[in-house]
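No hydrogens, no waters, no symmetry mates; every other heavy atom, side chains included, goes into these values. Since this is a predicted model, take the numbers as computed values, not measurements. Just follow the structure's listing: the first ligand is 1, and inside any ligand the first atom is 1.
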Amino acid sequence: MRVLVVGSGGREHVLTWKLRQSPRVQKVYCAPGNAGIAQEAECVPIAAEDIDALVAFARQEKIDLTVVGPEAPLTLGIVDAFTAAGLAIFGPMQEAARLEGSKVFAKQLMEKYKIPTAESRSFTNVEEALTYLQEKEAPIVVKADGLAAGKGVVVAATLAEAEDAVRRMLVEEEFGAAGSRIIIEEYLQGEEVTILAFTDGETIIPMVSSQDHKAAYDGDKGPNTGGMGAYSPAPVLTKELLAQVEREILQPTILGLRAEGITYKGVLYAGLMITENGPKVLEYNVRFGDPECQVILPPLKTDLCTIMLAVINGTLAKTQIEWHDNHTVCVVMASGGYPLSYQKGKVITGLDEAAMLQDVYVFHAGTAKEGNQLVTSGGRVLGVTAWGDKLTDALDKAYQAVEIINFAGAHYRHDIGQKALRHQIMNCSFRA
Ligand code: AMP
Ligand code: GLY
């Protein structure tokens, strides 16, 4: 089979890497890709949102399967366009992608189908939003309705901060149209966990759990980022809790959409808070997470290409999905200054040495080739990924590789996976 991966980050690198391992796959293209992806696939200079050009390319190159990484083309209707052209593509249709494209849409679905989530209200009028805030207490959360590259959520520690966020979104239009409608929602306390599931709109198969590290600095301090690292599995999601998540969240989401006339196919991403009152939805995404994908796909035993075709063909019920029983960690190395402003073009060294380490793989997120040198070209630069029988083994190997790799201004979190280690210590002392 000939496969096309759409996107250019760490998620698309791991998708390319995994699909290349499939005995069914002969050739992988990536549009537009990055310098790391170029080492294992043929990169084509077409932007992920240029749907017409992607359809034309897929037709011309007789692509058998297209896999979409990021949300933007999904919300723009790439799956509808490929399907109309008779081309097989993995991901939800435009209408289903609204689950990520509009937080108001997602909230309405959750309310209607009694899916546990934070209590909230939506506003377009600034005065009404500010009056509502007067009745509330901090901390409180303000969210832009539309896509804002992970920056449209403000967890406000004070009401003044919340008011400021409301004004920035509704009056100053900091997020443009994405922030012309906002949600004000209850602050949920607990530990976060991500659960992704493959679904063909009928059958839902959860993947191994994972935990992202959204804050820029150690100890969950600093501004939110796209994700500074991840690990899998996440011990906070026990077997019992996973069963509850399937029953109370994943199934009613997919069945609720069906009742609305929407068949959801692809990956459903549920960002959850495990609260005192059980798991609640923080957000849905309609694609693999980044960097969650980097820790979820390495331990996948079953052929990814086969799973994706089963999703597209609606035969997931007949597909067994198996995972290795190990631990995976991804430490993101970012450009100095990220997620605020940062410089590009810094030379990256040490990748060849890091590649010699066992059970380590460095996925590229924001890299480019300049002559013979590899340079930084984005905020998140590399996803240094490692696996092992124990979480501590995986962490040791990942950080060993991080120590070897260098670029000016590189910053990364030193505490990836620490929450999981705390759970492990607690479980041991309970058993003792
Ligand atoms: P979202 O993009 O909606 O997942 O929000 C980004 C991050 O903001 C989440 O990963 C949480 O850390 C935090 N967050 C979002 N909503 C809430 C909430 N209701 N209570 C507490 N934290 C939240
Ligand atoms: N890591 C969070 C996301 O992919 O949205």
Side-chain angles (χ1 to χ4, degrees), residues 7 9-12 14-15 68-72 74-75 97 99-107 110 116-121 136-157 161-162 165 175 178-179 182-196 207 209-216 220-232 234 236 267-277 279-297 330 332 334 339 363 365 379-380 383 413 416 419:
R11 167 184 46 213
E12 289 73 27
V14 66
L15 280 166
V68 188
E71 61 276 18
L74 293 168
T75 57
L99 212 50
E100 177 167 357
S102 167
K103 289 190 193 289
V104 174
F105 173 79
K107 279 286 182 189
M110 286 187 267
T117 185
E119 210 177 283
S120 73
R121 269 188 59 185
K136 296 284 163 187
E137 279 173 27
I140 192 156
V141 184
V142 182
K143 298 183 174 184
D145 176 46
L147 294 183
K151 296 186 186 123
V153 173
V154 176
V155 180
E161 226 180 285
F175 300 106
I182 61 164
I183 278 178
I184 298 180
E185 78 174 23
E186 164 201 14
Y187 173 80
L188 296 177
Q189 209 149 14
E191 191 175 333
E192 285 186 58
V193 66
T194 303
I195 191 85
L196 293 105
M207 303 182 214
S209 60
S210 60
Q211 197 176 56
D212 189 6
H213 297 64
K214 291 220 166 91
D220 289 335
K221 301 274 191 324
N224 260 354
T225 68
M228 291 297 290
Y231 65 85
S232 171
V236 62
V267 170
L268 176 67
Y269 171 125
L272 308 174
M273 188 71 90
I274 306 301
T275 74
E276 259 177 24
N277 301 318
K280 296 191 178 183
V281 177
L282 289 175
E283 65 163 343
Y284 291 114
N285 291 326
V286 296
R287 47 163 177 88
F288 284 104
D290 189 345
E292 289 94 329
C293 194
Q294 286 84 313
V295 296
I296 284 174
L297 290 187
C330 173
V332 170
F363 296 108
R380 292 190 290 177
R413 280 184 60 162
I416 302 301
K419 283 193 191 129

* First locate atom CG of L268, then atom CZ of R287, and finally report the distance between them rounded to the nearest 0.5 Å. => 11.0 Å
* Asked: Should R11 be listed as contacting ligand 2, given a heavy-atom distance under 4.0 Å as the test?
  -> no
* Asked: So how far is it from S102 OG to L147 CG, rounded to the nearest 0.5 Å?
  -> 9.5 Å
* Asked: Taking only residues two or more places apart in sequence or in another chain, which ones pass salt bridge (charged side-chain N to carboxylate O under 4.0 Å, His left out) with R413?
  -> D220, D415
* Asked: Which atoms of ligand 2 sit under 4.0 Å from any heavy atom of G289?
  -> 4 (O)
* What are the atoms of ligand 2, with element, lying closer than 4.0 Å to any heavy atom of E292? -> 1 (N), 2 (C), 4 (O)
* To do: Please say whether D290 places an N or O atom under 3.5 Å from an N or O atom belonging to ligand 2.
  => yes
* Looking at F288 and L15, what are the two nearest heavy atoms and their distance? -> CE1-CD2, 3.7 Å
* Asked: What residues sit with at least one heavy atom under 4.0 Å from ligand 1?
  -> K103, A118, V141, K143, V153, V155, E185, E186, Y187, L188, E192, K214, N224, M273, L282, E283
* For R287, counting its heavy atoms only, list the atoms of ligand 2 lying under 4.0 Å from any of them. => 3 (C), 4 (O), 5 (O)
* Structure fact -> If we number the atoms of ligand 2 from 1 as shown, the ones under 4.0 Å from a heavy atom of D212 are 1 (N), 2 (C)
* Structure fact -> Between the OG1 atom in T194 and the CE atom in M207, the distance rounded to the nearest 0.5 Å is 11.5 Å
* To do: Using non-hydrogen atoms of the residue, decide whether G227 is closer than 4.0 angstrom to ligand 2.
  => no
* Could you tell me which atoms of ligand 2, counted from 1 in the order shown, lie closer than 4.0 angstrom to a heavy atom of N285? => 3 (C), 5 (O)
* To do: List the steps and the verdict of side-chain hydrogen bond (donor to acceptor under 3.5 Å, both in side chains) for E100 and Y284.
  => CA-CA 6 Å; E100 177 167 357; Y284 291 114; over 6 Å; no
* To do: Check each of K136, K280, K107, K103 against E185 using the salt bridge (Lys or Arg N to Asp or Glu O under 4.0 Å) test, and report the only one that passes.
  => K107
* From D145 CG over to I182 CD1, what is the distance, rounded to the nearest 0.5 angstrom? -> 10.0 Å
* Derivation of the side-chain hydrogen bond (donor to acceptor under 3.5 Å, both in side chains) call for S210 and E292 -> CA-CA 6 Å; S210 60; E292 289 94 329; 5.1 Å; no
* **G226: numbered ligand 2 atoms lying under 4.0 Å from its heavy atoms** => 1 (N), 2 (C)
* H213 (side chain) donor-acceptor with G229 (main chain) under 3.5 angstrom -> yes
* Asked: Hey, is Y269 one of the residues with a heavy atom under 4.0 angstrom from ligand 2?
  -> yes
* Asked: How long is the span from the CG atom in L74 to the CG atom in L99, to the nearest 0.5 Å?
  -> 12.0 Å
